[in-house]
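Protein chains get the first letters and strands the later ones, always in sequence-line order, with residue 1 at the start of each.
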Number of protein chains: 2
Amino acid sequence: MHPRILDTLKRNQLSITDSRKKILEMFLQRKGALAHADIEQQSGEEFDRVTIYRTLQTFVEKGIIHTIPSADNSVRYALCKDDCSEGHHHDNHVHFMCDQCGTTYCLDHVTVPSVALPVGFLVSQVDVVVSGTCLKCQ
Amino acid sequence: MHPRILDTLKRNQLSITDSRKKILEMFLQRKGALAHADIEQQSGEEFDRVTIYRTLQTFVEKGIIHTIPSADNSVRYALCKDDCSEGHHHDNHVHFMCDQCGTTYCLDHVTVPSVALPVGFLVSQVDVVVSGTCLKCQ
DNA sequence: ATTATTTTGCAACAATGTTGCATTTATGTA
DNA sequence: TACATAAATGCAACATTGTTGCAAAATAAT
């Protein structure tokens, strides 16, 4: 078991359960983003669909993971670099979605460029979604 | 009826039908983005749900409208500035989604900043999704 | 005006997400 | 460790969203 699992759950005052351990482990191992369907498949019917929904919801609320914007209507989740406190307004991200294989990368080390908006618009968060071909699919 | 409707449909070799005229008119009038649900409500059960889905699909394929990425799982559509030929790889956009009222703006005049990606990633499109408070909700 | 093509509406289905509640599991305390 | 309390899970049922096939209707072409 990944060393950060218990730590993360405890820090966020979450009961330590099988589903939470397993799902958190998935995120920690494969660094890319995961959709609900991915988790459902990989866990092999070990957990109820509802449990997975609720676990993801909880993780988002606690700031352990965040959702990634996408143009198709599939919600994907990725680990927050360091758990964002309160789960609100976490750091800005650059995400990369591969057109070929569909893998979504969370590029934490890429700087989010500043955007100059028209007067009257207050910015709370900037998400940059880049699509194209990823490293593996060249 | 908006003068650009017939023009746009003809240019894209689409049959001129009531649903297409009405839906295109919605996009031309209210310049913000529209979700499927918005269209369904505004058209007041005039058209079948399936027809709306298919119309939006067709418009996207023809490059008349494009989808806007969002972190929740609601797909929104907005007019392309000038119909993008082939519907693929239209110009990059900055989109603004208001946390208060949910209105999505397509900020065509804001320049998309260039993003420096790691070596090996080929970029085909950059979407910038800014969220915060809009002009009206201050 | 008539034929050929396209689009629509309906029905049925599939996928995705939500809610309430009883049962099970985890936590805190003696 | 055993017990009481609190929390999470699984099930069932439901709601929403999106898809597909096909006959009927509308549009376009001749």
Notebook entry, point to check: Any idea which of C/dC10, C/dG17, C/dT19 is nearest the B/V50 side chain?
Noted result: C/dC10
List, with names and distances, any nitrogen or oxygen atoms from the protein found under 3.5 Å away from nitrogen or oxygen atoms belonging to nucleotides 28-30 of chain C.
none

Notebook entry, point to check: Can you check the B/I52 CD1 to C/dT7 P distance for me, whole Å?
Noted result: 17 Å
Next item on the list: Tell me which nucleotide among C/dG9, D/dT19, D/dG18 gets nearest to the side chain of B/Q57.
Entry: D/dT19
Next item on the list: In whole angstrom, give the distance that lies between atom CZ of B/R54 and atom C1' of D/dT20.
Entry: 8 Å
Notebook entry, point to check: Atom CZ of B/R49 and atom P of D/dT20: how far apart are they, to the nearest Å?
Noted result: 14 Å
Checklist line | Check: B/Y77 ring centre within less than 6.0 Å of B/H66 ring centre | finding: no
Margin query: Using modelled atom types and a 3.5 Å cut-off, is there a donor and acceptor pairing between side-chain atoms of A/T55 and backbone atoms of A/R20?
Written below: no
Notebook entry, point to check: With respect to the phosphate group of C/dT7, does any side-chain polar atom (N or O) of B/T51 fall under 4.0 Å of OP1 or OP2?
Noted result: no
Check: With respect to the side chain of B/R20, which nucleotide from D/dT9, C/dC10, C/dT8 is positioned closest?
Finding: C/dT8
Next item on the list: Using the salt bridge (Lys or Arg N to Asp or Glu O under 4.0 Å) rule, collect all pairs that involve residues 35-48 of chain A, keeping only residues at least two apart or in two chains.
Entry: A/K22-A/E46
Checklist line | Interatomic distance, B/D127 atom CG to A/M97 atom CE [nearest 0.5 angstrom] | finding: 10.0 Å
Next item on the list: Name the orientation class of the two ring planes belonging to A/Y105 and B/F121 (parallel below 30°, tilted from 30 to 60°, perpendicular beyond 60°).
Entry: perpendicular
Margin query: In whole Å, I'd like the distance from the OH atom of B/Y53 to the C1' atom of D/dT19.
Written below: 9 Å
Note to self: What is the separation between atom CG on B/D38 and atom P on D/dT17, rounded to the nearest whole Å?
What the structure shows: 11 Å
Checklist line | Atom-pair distance (CG on B/D48; C1' on D/dC22), nearest Å | finding: 14 Å
Notebook entry, point to check: With the sugar-phosphate defined as primed atoms, P, OP1 and OP2, and the base as all remaining atoms, what B/S/- string results for nucleotides 25-30 of chain D, 5' to 3', for protein heavy atoms under 4.0 Å?
Noted result: --SS--
Checklist line | Nucleotide D/dC11, atom P - distance to CD of A/E45 in whole Å | finding: 11 Å
